[in-house]
Undergrad: 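This is the structure I want to talk about, given as structure tokens.
Bear in mind the structure is a predicted one, so any value in this text is a computation, not a measurement.
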Amino acid sequence: MASWNPDAPCSCDCFVSVPPASAVPAVIFAKNSDRPRDEVQEVVFVPASTHAPGSRLQCTYIEVDQVSKTHAVILSRPSWLWGAEMGANEHGVCIGNEAVWTKEPVGEGEALLGMDLLRLALERSRCALEALHVIAGLLERYGQGGSCREDPAPFCYHNTFLLADRTEAWVLETAGRLWAAQRIQEGARNISNQLSIGTDISAEHSELRTHARAQGWWGGQSTFDFAQVFSLTQQPVRMEAAKARFQAGRELLRQHRGGITAEVMMGILRNKESGICMDSGGFRTTASMVSILPRDPAQPCVHFLTATPDPSRSVFKPFIFGAGVAQAPQVLSPTFGAQDPVRTQPRFQTQVDRRHTLYRGHQVALGLMEKEQDRGQQLQQKQRDLEQEGLEAVRGLLAGEWAPPPQELGALFQTFVERESQVYA
């Protein structure tokens, strides 16, 4: 069983707003990915594809059976692994995952990472509920496991997920192969590295309750409360801290209920006082994402991604699926082939420089912000101006006031990445 490391990266926060909590007729999704502070997160576009019968797919550690057709996805992922911390697909499905520890033991054996499950679900689903079923099926067949950081010392956990589409959201919380899910049809919801589904269970693994009874965790007479039954009796210090972040996030959502927009979600992700914008010890918020999923299927979904750490000093840049979409090279990390430390055995014995071009420029900018106050303020103002330009363009698009050619719309993210790079030049 993997040992608990008090300095291990284990904090993330996911949020969703479903009308009438949203200020607009759209589901709003958001996530901060909190990871080891020097880990690089890249933004990767993978086009839709078809696959030959019997094809196999190499994930981070293991192979799985490939499906005949996969959907186009945009992923924000730690650059050393196959899966993703958060992402969206061409059908308006968004998913974010979080680390969780329960009474169900976490083994060190290699299986599918939670981040692999996230990407597989995006590639194989057209709605949030279908994505949930994809994850549940893969858990049953392959299980979850393997080290979740680029380090010789194994660090393993199980996962919770927030899944959203244009009409609703689902919270999916796992313990090994077991799981419980809650449907969110209206209002706002967040998750923060702990089990949060109590008695309001919309779907569950067929053996969830019988397993709990067999382990002596639930007597079968009282109302079944998933979080109460499966949560650790003594929580590690950082999981106790996650409770405070969860409560703070819930309160921030409550304060804005009925008026939640993409900008409001960006503000929540930038909230340092609550710890939601993380910079503590060995880890920090390494990337962030906010998505607008309009109820009207004629309107495009818009996904804002930073590709850089610390959202309070990063630019959320808009991405829209469509004609002309291609990989932005400035946010793609270098590759190392068979010599990559994740591919060699034993794993992670050496380190490589995975910084992409935008990350390098952003690092220089962060240094100036910390050392030269005037120059730093100028850089931050340029960041905010660029981000505001993107938000205004998206508002015009969704209001029908701006109708660019499909090629221009598909190249929107690339355009903003290039302009941000110029800010740091």
Undergrad: Please report the interatomic distance CD(Q299) to CG(L397), rounded to the nearest 0.5 Å.
TA: 8.0 Å
Undergrad: For H303 and F319, take the angle between the two ring planes, folded into 0 to 90°, and tell me which bin it lands in: parallel under 30, tilted 30 to 60, perpendicular over 60.
TA: tilted
Undergrad: Cation-pi check, R355 to Y359: give yes when NZ or CZ is under 6.0 Å from the six-membered ring centre and within 45° of the ring axis, no otherwise.
TA: no
Undergrad: Would you please indicate if the ring centroids of F348 and W80 are separated by under 6.0 Å?
TA: yes
Undergrad: Looking at every non-hydrogen atom in both residues, tell me the closest pair between L358 and E420 and how far apart they are.
TA: CD2-OE1, 3.6 Å
Undergrad: Determine the minimum heavy-atom distance between G92 and L293, stating which atoms define it.
TA: O-CD1, 3.7 Å
Undergrad: Between H71 and N89, is there a donor-acceptor pair closer than 3.5 Å when you use the side chain of the first and the backbone of the second?
TA: no
Undergrad: If you compare all heavy atoms of C14 against all heavy atoms of L162, which two are closest, and at what distance to 0.1 Å?
TA: CB-CD2, 3.7 Å
Undergrad: What's the separation between atom CG in L163 and atom NE2 in H133, rounded to the nearest 0.5 Å?
TA: 11.0 Å
Undergrad: Yes or no on side-chain contact (heavy atoms from CB on, under 4.5 Å) for Y424 and H362, after CA distance, side-chain angles and deciding distance?
TA: CA-CA 7 Å; Y424 305 142; H362 185 261; 3.5 Å; yes
Undergrad: So, R37 and D279, do they make that salt bridge, N to O below 4.0 Å?
TA: yes
Undergrad: Whether E387 and R270 form a salt bridge (side-chain N of Lys/Arg under 4.0 Å from carboxylate O of Asp/Glu) is what I want to check.
TA: yes
Undergrad: Restricting to non-hydrogen atoms, name the atom on S33 and the atom on E85 that form the minimum distance, rounded to 0.1 Å.
TA: OG-OE1, 2.6 Å
Undergrad: Between N159 and Q144, does any side-chain donor sit less than 3.5 Å from a side-chain acceptor?
TA: yes
Undergrad: Measure across E98 and S192 and return the closest heavy-atom pair with its distance rounded to 0.1 Å.
TA: OE1-CA, 3.2 Å
Undergrad: Do R313 and Q383 pair up side chain to side chain, a donor and an acceptor below 3.5 Å, judged on atom types alone?
TA: no
Undergrad: Do Q247 and E251 meet the criterion of a side-chain donor-acceptor pair at a distance under 3.5 Å?
TA: no
Undergrad: Is T60 reaching over with its side chain to a backbone N or O of W82, donor-acceptor style, under 3.5 angstrom?
TA: yes
Undergrad: Contact between M289 and N32 at the side-chain level, heavy atoms closer than 4.5 Å - yes or no?
TA: no
Undergrad: Any side-chain heavy-atom pair from Q351 and P341 closer than 4.5 angstrom?
TA: no
Undergrad: Could you tell me whether the side chain of T344 and the main chain of R347 form a donor-acceptor pair under 3.5 Å?
TA: no
Undergrad: Hey, could you give me the SG/CD distance between C156 and E110, rounded to the nearest 0.5 Å?
TA: 9.0 Å
Undergrad: Which of these passes side-chain hydrogen bond (donor to acceptor under 3.5 Å, both in side chains) with T285: D34, D310, T308, D13?
TA: D34
Undergrad: Hey, does Q388 have a side-chain heavy atom less than 4.5 Å from the side chain of E263?
TA: yes
Undergrad: Looking at S79 and S333, what are the two nearest heavy atoms and their distance?
TA: CB-OG, 3.3 Å
Undergrad: If only atom types and distance count, is the side chain of H205 paired as donor or acceptor with the main-chain N or O of E207 below 3.5 Å?
TA: yes
Undergrad: If you measure from the Lys or Arg side-chain nitrogens to the Asp or Glu carboxylate oxygens, is any gap between R56 and E63 under 4.0 Å?
TA: yes
Undergrad: If we ignore hydrogens and angles and just use 3.5 Å, is the side chain of R257 paired with the main-chain N or O of A21 as donor and acceptor?
TA: no
Undergrad: Looking at K31 and V290, would you say the former's side chain and the latter's main chain have a donor-acceptor pair under 3.5 Å?
TA: no
Undergrad: Could you tell me whether the side chains of Q41 and S76 share a donor-acceptor contact shorter than 3.5 Å?
TA: yes
Undergrad: Find out whether W101 and L232 are in side-chain contact, i.e. whether some heavy atom of one side chain is under 4.5 Å from a heavy atom of the other.
TA: yes
Undergrad: Indicate yes or no for a side-chain donor-acceptor contact from K69 to the backbone of H51 under 3.5 Å, with no hydrogens or angles considered.
TA: no
